Amino acid sequence: MHLNRRTLFASAILAVLISPASRAASLLPFDSVRFEQARKSGKPVVLQVTATWCGPCQRLRKVVGGLLENSEFKDLVIFDADFDANKDALVKLNAHTVTTLVIYRDNAEILRNSGETRPDAVEALLRKAM
C-alpha cells in the first residue's frame with residue numbers, strides 16, 4: 001500500500017514538473033487580497049474582466065487560455081474576475097466594462113483594452129505586459 005501511494009505521489013509530482021502548464025502563466029480566480037499582493041510583487045499582472053452571459057467574454061477567455069499554454073507568458077499572473085460576482089472590487093479598480101484586459105506593472109496600470117478578442121491582438125496586449 002505504501003509503495004502504491006509513493007508511486008502515485010511521485011507520478012503526480014513528475015506530471016506537474018513536466019507539464020506545459022507548469023511553465024505557463026498563472027490564471028487565477030479573482031480575489032481582491034491576492035490581486036493586490038500580486039500587483040505589489042513586481043510581476044506583470046493582468047486583470048481579465050468577463051461575465052458568464054457575455055459571448056465576447058467567452059471568446060476572450062478562450063483566446064487567453066490558449067495563449068497561456070505558451071511558455072513565453074510564464075511570468076504573467078492573470079486574474080479572471082467575473083463582472084457580476086466581483087462588482088464592488090471592479091468598481092474600485094474602475095473596471096466597468098466586460099471583455100476587458102487591464103495590465104499592471106510595478107503596481108501601476110499601464111494599459112487597458114475593452115472588447116478585443118482577436119487572438120493576434122490579445123497576444124500583442126499580453127506581450128506589452130511583459
Side-chain angles (χ1 to χ4, degrees):
M1 185 73 155
H2 288 332
L3 180 60
N4 289 338
R5 284 184 183 170
R6 284 184 199 165
T7 303
L8 180 61
F9 181 74
S11 297
I13 295 296
L14 183 61
V16 168
L17 292 175
I18 64 172
S19 72
S22 69
R23 295 184 302 270
S26 303
L27 179 62
L28 306 168
F30 181 81
D31 172 271
S32 57
V33 173
R34 288 177 64 191
F35 177 71
E36 287 304 318
Q37 290 172 341
R39 285 180 52 189
K40 291 175 182 174
S41 74
K43 284 189 170 190
V45 176
V46 179
L47 175 63
Q48 174 179 270
V49 182
T50 62
T52 57
W53 47 263
C54 170
C57 296
Q58 301 317 309
R59 282 193 298 279
L60 177 62
R61 282 179 144 180
K62 185 176 180 179
V63 168
V64 170
L67 291 170
L68 293 184
E69 294 177 9
N70 185 338
S71 63
E72 285 184 66
F73 299 113
K74 71 181 182 333
D75 292 330
L76 288 180
V77 178
I78 302 177
F79 286 88
D80 184 29
D82 181 87
F83 183 75
D84 298 312
N86 301 289
K87 196 167 284 264
D88 291 340
L90 293 174
V91 166
K92 290 177 184 174
L93 294 168
N94 202 26
H96 303 285
T97 309
V98 294
T99 319
T100 297
L101 292 173
V102 185
I103 298 172
Y104 300 88
R105 192 177 313 131
D106 298 322
N107 203 23
E109 180 180 329
I110 62 163
L111 181 68
R112 180 180 295 238
N113 185 282
S114 295
E116 187 60 74
T117 61
R118 293 174 298 141
D120 58 331
V122 173
E123 181 177 1
L125 290 168
L126 293 183
R127 287 190 186 287
K128 289 179 182 180
M130 301 186 327

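FYI, side chains are in, hydrogens and waters are out, and symmetry mates aren't considered; it's all heavy atoms of this structure. These numbers come from a predicted model, not from an experiment.
Remark: Glu123 CD to Lys128 NZ distance equals 12.5 Å, nearest 0.5 Å. Atom CH2 of Trp53 is separated from atom CG of Asp84 by 6.5 Å, given to the nearest 0.5 angstrom. To the nearest 0.5 angstrom, Lys43 atom NZ is 15.0 Å from Asn107 atom CG. The distance from the NE2 atom of His96 to the CG atom of Asn94 is 4.0 Å, given to the nearest 0.5 Å. In this structure, CD in Glu72 is found 6.0 Å from CE in Met130, a value given to the nearest 0.5 Å.
For Ala38 against Val77, the heavy-atom pair with the smallest separation is CB-CG1, 4.3 Å. Nearest approach of Thr117 to Pro56, heavy atoms of both residues: CG2-O, 3.4 Å.
Looking only at distances, a side-chain donor or acceptor of Thr100 sits under 3.5 Å from a matching main-chain atom of Val98. No donor-acceptor distance shorter than 3.5 angstrom exists from the side chain of Asp106 to the backbone of Ala108, with no hydrogens or angles considered. A donor-acceptor pair is defined here as one N or O able to donate and one able to accept, closer than 3.5 Å; no such pair exists between the side chain of Asn86 and the backbone of Ala89. Under the 3.5 Å distance criterion, the side-chain polar atoms of Gln58 are matched with a main-chain donor or acceptor of Ala51.
One hydrophobic cluster, built from ILVMFWY side chains closer than 4.5 Å, cannot hold both Val49 and Val33; they sit in different ones.
Using a 4.5 Å heavy-atom cutoff, the side chains of Pro29 and Asp80 are not in contact. In this structure the side chain of Glu116 never reaches within 4.5 angstrom of the side chain of Leu101, judged on heavy atoms.
Asp88 is linked by a side-chain hydrogen bond (donor to acceptor under 3.5 Å, both in side chains) to nothing, counting only residues two or more places apart in sequence or in another chain. Legend: residues meeting ring pair (Phe, Tyr, Trp, His ring centres under 6.0 Å) with Phe35, ordered by chain and number and at least two apart, are Phe30, Phe79, Tyr104.
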Practice task
Start with the C-alpha distance between Leu93 and Val102, add both sets of side-chain angles, then the distance that settles side-chain contact (heavy atoms from CB on, under 4.5 Å), and finish with yes or no.
Solution key: CA-CA 10 Å; Leu93 294 168; Val102 185; over 6 Å; no
